[in-house]
Student: 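One structure is given below, represented as structure tokens, and several questions about it will come after.
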Amino acid sequence: MDIRDTTTRKRWPLIFSALLLSLALLNRQLAWGIFGMGAVAFSQLMLFLSCLVLWLFVSLDWPSLLCLLVLGIMPEMGFKLACQQSFGNSTFVFLTFTFALSYALEQTPALQRLTARALEAPWVQARPWRFVISYLAVLLFMALFMSPTVLFMIIFPIYEAVCQAFGWEKGERSPGILLFASYSCLAIGTAMTPINHVFAVTALGIYKEATGKVITYGQYMRLGLPLGLLLFLILLLSVRFLWRLDLSRAQISELALGNDLPPVTAKERHIVRIFLLVVALWLLPELLSPLWPGLGAFFSRMGNVFPPLLGLILLALIRVEGEPLAKLPDLFRKGVFWPSLLLVGAALALGYALTLPDIGLMAFVQESLGAGLGRLAPYLLVLVFACWTGIQTNFSSNLVSVTVVGSMAVTLLAGQPELSLAPTVLCLVGFMASLAFMTPPAMPYVGISLGSGWLSSRQAFTYGFWLLAWAIALSVLVAYPLGQLVF
């Protein structure tokens with residue numbers, strides 16, 4: 001009874017606010033000129049009144065996000081200005097919303113269910129090598145749009161179940177090979193797209209802050225996807241023929257990964273659909289531009305903040321059994337990794353400061369190093385930055401690598417427009433900064449793997465160095481020619 005009364009009390013403010021926003025939209029489209037006010041001024045007034053009603057009688061969290069959404073959609077404001085005037089930087093806001101949205105998906109068994117269904121298919125379990133390849137491919141696919149550290153914690157129990165079914169024990173060579181391949185697939189998948197991946201997004205943000213130009217998700221993925229798939233193929237060939245993973249004791253029929261999972265609920269379905277909608281909206285500008293230029297231009301103008309912001313509002317508004325799909329305070333409190341965001345904020349500010357003409361650092365660097373770099377062939381420049389990022393990433397923090405190398409790259413290359421290398425190199429910086437294989441400081445999952453007893457430090461360093469060398473070679477042989485075509 002109380003719940004029903006509360007719902008009824010909130011329904012009328014929602015209806016009233018929706019009417020105010022609809023009136024503003026109609027006045028804008030039909031040029032009614034209500035009260036003799038301009039359409040933009042009337043829209044702002046209606047937005048203010050509708051938000052005021054929602055804040056007073058409904059909630060404080062999702063109406064605030066709705067306010068940002070409406071302001072961002074308005075051509076006179078846009079998401080960039082709305083984010084700058086509210087939180088300071090659109091990249092910072094984008095990552096905050098994306099972390100919160102991803103946390104909602106992580107709280108469901110959807111990812112475990114996807115893994116179990118893929119690996120329990122009869123044709124997958126027919127042969128051990130078919131199972132291993134499918135297992136690694138599933139990890140690569142999930143890493144395309146999920147945080148690698150979170151994914152590792154989800155798949156590690158699955159990995160240990162596989163080791164048990166294969167008859168492996170700690171200290172043996174084969175489980176170390178498979179564990180290294182497992183987290184390497186997460187690293188490669190992370191490198192392939194900017195979707196929910198802080199390293200690539202930070203690199204793109206540094207380029208945007210320094211040049212005012214945008215590298216789209218589609219442009220990044222035209223480099224990242226083929227580069228990552230080739231590196232994944234090299235990993236598979238190395239596991240099979242170079243490191244010679246031993247599957248002679250494998251008993252795949254004993255694996256039952258989905259037995260303990262609960263049935264699919266309506267809440268899980270809604271959350272998965274919202275997440276897929278957000279991913280689709282990120283990719284729509286590139287997909288729709290050739291077919292419907294107007295619609296593609298609209299989504300392109302909305303930018304990267306619009307999809308996760310819309311997703312969070314839907315999570316708060318859609319209810320199952322009287323409860324919202326997710327409570328926004330919980331998402332922002334538990335799902336947002338604030339140390340990473342603080343570092344991203346500092347990195348973007350630092351990257352912007354390094355390129356300010358008034359400071360003079362860019363002119364100094366170009367005068368001192370520009371001449372030497374100018375004498376290098378373009379592919380050697382790509383090699384230098386790929387090596388620098390990859391080596392530093394594997395011995396220090398990913399975000400520090402992105403900040404240092406990305407800021408220096410955009411500073412050095414800004415004075416050489418004839419090479420048109422800056423966007424290609426910044427994409428490579430984001431890509432290489434994701435490839436953390438070798439040492440514990442590189443990524444938490446490396447430290448966890450070494451501490452688990454399944455993987456030795458020697459294996460991680462040796463196999464990681466081999467894979468990193470191939471990534472650097474592919475950067476020069478594949479990414480550089482692709483970059484010339486894309487940019």
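Model, not experiment: these values are computed from the prediction.
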Student: How about F395: does its CZ atom have over 12 heavy atoms from other parts shown lying under 6.0 Å from it?
Tutor: yes
Student: Any non-hydrogen side-chain atom of I34 less than 4.5 Å from a side-chain atom of L23?
Tutor: yes
Student: Quick check against the 3.5 Å criterion: does S17 have a side-chain atom that pairs as donor or acceptor with the backbone of L14?
Tutor: no
Student: What is the distance from atom CE of M46 to atom CG of L25, rounded to the nearest 0.5 Å?
Tutor: 13.0 Å
Student: More than 12 heavy atoms of other residues, nucleotides or ligands under 6.0 Å from CZ of F16: yes or no?
Tutor: no
Student: Checking the side chain of N27 only, and the main-chain atoms of V40 only, is there a donor and an acceptor separated by less than 3.5 Å?
Tutor: no
Student: Judged by atom type as modelled, is there a donor-acceptor pair below 3.5 Å linking the side chain of T108 to the main-chain atoms of L105?
Tutor: yes
Student: Say whether, by atom type as modelled, one donor and one acceptor occur between the side chain of N394 and the main chain of F437 under 3.5 angstrom.
Tutor: yes
Student: Within a reach of under 6.0 Å around CZ of F332, are more than 12 heavy atoms found that belong to other residues, nucleotides or ligands?
Tutor: yes
Student: Between L229 and M192, is any pair of side-chain heavy atoms under 4.5 Å apart?
Tutor: yes
Student: Would you please say whether a donor-acceptor pair under 3.5 Å links the side chains of W388 and S401?
Tutor: no
Student: Is any side-chain heavy atom of L435 closer than 4.5 Å to one of L231?
Tutor: yes
Student: Can you confirm whether R28 sits close enough to M74 that some side-chain heavy atom of one is under 4.5 Å from a side-chain heavy atom of the other?
Tutor: yes
Student: Can you tell me how far CD1 of I73 sits from CG of L69, rounded to the nearest 0.5 angstrom?
Tutor: 4.0 Å
Student: With heavy-atom distances below 4.5 Å as the criterion, would you say the side chains of M432 and I472 are in contact?
Tutor: yes
Student: Do Q44 side-chain atoms and A41 backbone N/O form a donor-acceptor pair below 3.5 Å?
Tutor: no
Student: How long is the straight-line distance from CE of M146 back to CD1 of I195, given to the nearest 0.5 Å?
Tutor: 12.0 Å
Student: From L66 CG over to S59 OG, what is the distance, rounded to the nearest 0.5 angstrom?
Tutor: 11.5 Å
Student: Which heavy atom of P262 sits nearest a heavy atom of R113, and at what distance?
Tutor: O-NH1, 2.9 Å
Student: Taking salt bridge (Lys or Arg N to Asp or Glu O under 4.0 Å) as the test, write out the residues that go with R333, two or more places apart.
Tutor: D330
Student: So, for Y183 and Y445, is the gap between ring centers shorter than 6.0 Å?
Tutor: yes
Student: Out of L331, L312, L310, V336, which residue meets the side chain to side chain contact (heavy atoms under 4.5 Å, CB included) rule with F97?
Tutor: L312
Student: Is there a side-chain contact between L65 and L328 (heavy atoms, below 4.5 Å)?
Tutor: yes
Student: Of F156, F152, Y135, which is the lone residue that meets side chain to side chain contact (heavy atoms under 4.5 Å, CB included) with S182?
Tutor: Y135
Student: Considering non-hydrogen atoms only, spot the tightest contact between A266 and V320 and give its length.
Tutor: CB-CG1, 4.3 Å
Student: I want to check something: taking the side chain as every heavy atom from C-beta on, are M142 and L114 in contact at a cut-off of under 4.5 Å?
Tutor: yes
Student: Please check this pair: side chain of H197 against backbone of A143, looking for a donor-acceptor N/O pair closer than 3.5 Å.
Tutor: yes
Student: Any side-chain heavy atom of L49 within less than 4.5 Å of one from V53?
Tutor: no
